[in-house]
Amino acid sequence: MKTSTSIILLSLLAITTTFTACGSSDSTATSTALTGQLVDTYLQNIDYTCESGESATTDINGTFTCDSLPVVFKLGGLQLGSVSELAADKHVFPQELLGLARTDVNNSSVLAMAKLLQSCDDDNNTQNGIHISDILKAKFTNQESFDETALDTYASDANITLVDDTTALEHLTQTLDLVSTVDDALNLPVTITQAILTPLSTLTPEVKETLAYMGNEERLAYDVYTALYNYHLNTGTELKQLTNIATKSEAIHIKTVQLLVQKYISDLSEFTDTNKTVDANLGLTMDYTNYSTTELPAGQYNIDAIQTLHTELIAKGEQSPQDALEVGCMIEVIDIDDLLRDIEIAKDSNASDVVTSFEFLRDGSYSHYGAFDRGLINMGVTEGCCSLGTEYCHPEYPQTNRIAQ
């Protein structure tokens, strides 16, 4: 079913996993360490000192761990700031190092620190995190607290070229936007939020194609199931599999892909249209990543093949309740086939965040297939999904318990 599409990488970057600090009601018990992440995107190799006096450096994910707070962060000899408590999401942004609210991105001191940190990135690509080398860090011999008025001096001493104000502010704002979107997404498994909020993988055009396709394909499943549920409900038959899968599962699948698209795609106009498979003017703008499933334009897609498939599946599913459940079998097999291929493509590119997300979608499709298969058996179609032929006959799928219920 899949056709060729190419997508351009987004200048957004994801930030940090969320951790929960655990305490103990028993004062004699050992408490769990507090773990957080220093970000503008991930800040790697920043020195920190905990209240206990223990010192370490942040890892590739900007992670720091202390038994207790406050924790002080330093770039070589330059003290960036400290925090005495962590936000619920355990992120620490430059503005918080300076004792300001996270929303104070336009503060001149915040902007100066963002410029400094982004300019210290050793590969000049903040999209994959900010790594500061030991050699560069050693150039910051100032035994003082960060001072925005000394920014040019810091840059001169370290022999770095500062990014401009617009670039620094845009980067910090985009980081905040993505973190907020993920934090606000309800019902996502922890594994998915952790996958989304990691440094960008380097995606090949082939992997980017899978994001464009899945962005349409997951919406197709939700739209078809919702439409067929309502159609048959109006004729006196309630097919609960359709509405349960649409509202309880496909909505979460859509949000997962929306977050991946927000992480990697900047503008639908950047789709290459070589094979005329993607039309950036149909269905959605990039704002769709902020839409709920009920706000999305049902039945409108950016890929011609999916647009055609929607029409064909609705026509078949409206013929009878059995046809509606058979449509479910068909959609899930198509999804699984595509996802199995997509997972291998993502693995070849070491895109672990995409792999984790697509495995989650695949496992959901396994479960959905089993639900439609059992629904048909309960309806008296003894072969279940296999009644559609060998292409859609997959009793080997995990979670396909072929016992009538």
Side-chain angles (χ1 to χ4, degrees), residues 1 185-189 192 212-261 282-285 287-339 357 360-376 378-379 381 384-385 388 392 399:
M1 180 174 99
L186 300 176
N187 301 319
L188 282 178
I192 298 304
Y213 214 85
M214 277 299 151
N216 285 264
E217 195 166 326
E218 291 298 335
R219 289 182 53 233
L220 169 76
Y222 177 88
D223 292 346
V224 170
Y225 296 161
T226 301
L228 293 181
Y229 172 78
N230 290 330
Y231 178 85
H232 288 290
L233 186 63
N234 288 335
T235 61
T237 302
E238 184 176 20
L239 300 172
K240 289 187 177 180
Q241 297 94 332
L242 293 171
T243 188
N244 287 341
I245 290 172
T247 59
K248 296 179 180 179
S249 187
E250 294 297 351
I252 297 174
H253 288 194
I254 290 171
K255 176 53 68 177
T256 298
V257 182
Q258 283 178 317
L259 291 170
L260 281 174
V261 170
L282 290 177
L284 298 171
T285 66
D287 288 341
Y288 102 97
T289 56
N290 297 317
Y291 293 172
S292 68
T293 50
T294 57
E295 294 172 324
L296 291 165
Q300 297 182 46
Y301 310 100
N302 299 92
I303 295 178
D304 291 341
I306 292 182
Q307 193 71 56
T308 300
L309 185 60
H310 176 269
T311 301
E312 294 173 349
L313 292 173
I314 291 292
K316 173 178 170 57
E318 288 181 350
Q319 293 179 34
S320 71
Q322 177 179 332
D323 282 287
L325 294 185
E326 287 176 349
V327 162
C329 299
M330 295 168 67
I331 287 177
E332 299 306 333
V333 171
I334 291 169
D335 281 355
I336 290 166
D337 286 347
D338 285 346
L339 285 164
S357 299
F360 167 64
L361 301 183
R362 177 207 60 196
D363 291 348
S365 286
Y366 283 147
S367 177
H368 302 165
Y369 177 88
F372 288 125
D373 186 61
R374 289 188 296 274
L376 286 168
N378 290 335
M379 191 178 283
V381 182
C385 293
L388 291 164
Y392 300 107
Q399 304 182 51

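- For the atom pair Lys316 NZ and Leu228 CG, the distance stands at 10.5 Å (nearest 0.5 Å).
- Screening Ile252, Asp223, Val257, Thr256 for a side chain to side chain contact (heavy atoms under 4.5 Å, CB included) involving Glu218 leaves a single residue, Val257.
- Between the side chain of Tyr213 and the backbone N or O of Ile306, no donor-acceptor pair lies under 3.5 Å.
- Of all non-hydrogen atoms in Glu217 and Asp338, the two that sit nearest each other are OE1-OD2, 2.8 Å.
- Taken to the nearest 0.5 Å, the CG atom of Asn244 stands 12.5 Å off from the OH atom of Tyr225.
- Side-chain contact between Pro297 and Arg219 is present, with heavy atoms from C-beta onward closer than 4.5 Å.
- By the 4.5 Å heavy-atom criterion applied to side chains, Leu339 and Met214 are counted as neighbours.
- You'll find the side chain of Ile331 stays beyond 4.5 Å of the side chain of Glu250, heavy atoms only.
- Between Phe360 and His253, the ring planes lie perpendicular to each other; the angle is over 60°, past the 30° to 60° tilted range.
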- Query: Can you check side chain to side chain contact (heavy atoms under 4.5 Å, CB included) on Thr243 and Leu233, steps first, answer last?
  - Reply: CA-CA 10 Å; Thr243 188; Leu233 186 63; over 6 Å; no

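- Met379 places a side-chain heavy atom less than 4.5 Å from the side chain of Leu239.
- Considering all non-hydrogen atoms of both residues, Ile303 and Ala212 come closest at CD1-O, 3.9 Å.
- For the atom pair CG of Leu259 and CG of Leu188, the computed distance is 6.0 Å after rounding to the nearest 0.5 Å.
- Considering NZ of Lys240 and CD1 of Ile245, their distance stands at 14.0 Å, rounded to 0.5 Å.
- His232 contributes a side-chain N or O that, together with a main-chain N or O of Gly317, makes up a donor-acceptor pair within less than 3.5 Å.
- Across Ser357 and Leu260, no two heavy atoms sit closer than the pair CB-CD1, 3.7 Å.
- Separation of atoms CG (Asn378) and CG (Asp373) is listed at 9.5 Å; rounding is to 0.5 Å.
- Taken from NE2 in His368 to CG in Asp363, the straight-line distance is 10.5 Å, to the nearest 0.5 Å.
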- Task: Please assess Glu318 against Asp323 for the test side chain to side chain contact (heavy atoms under 4.5 Å, CB included), listing each intermediate value before the final yes or no.
- Result: CA-CA 7 Å; Glu318 288 181 350; Asp323 282 287; over 6 Å; no

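- Closest non-hydrogen pair, Cys385 versus Phe372, comes out as SG-C, 4.2 Å.
- One N or O on the side chain of Gln307 and one on the backbone of Tyr301 form a donor-acceptor pair closer than 3.5 Å.
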- Message: Set out, in order, the CA-CA distance, both residues' side-chain angles and the distance that settles side chain to side chain contact (heavy atoms under 4.5 Å, CB included) for Leu309 and Ile334, then state yes or no.
- Response: CA-CA 11 Å; Leu309 185 60; Ile334 291 169; 4.2 Å; yes

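- Annotation for Leu376 and Cys329: closest pair CD1-SG, 3.6 Å, computed over non-hydrogen atoms.
- Here the shortest heavy-atom pairing between Ser365 and Glu332 reads OG-OE1, 2.9 Å.
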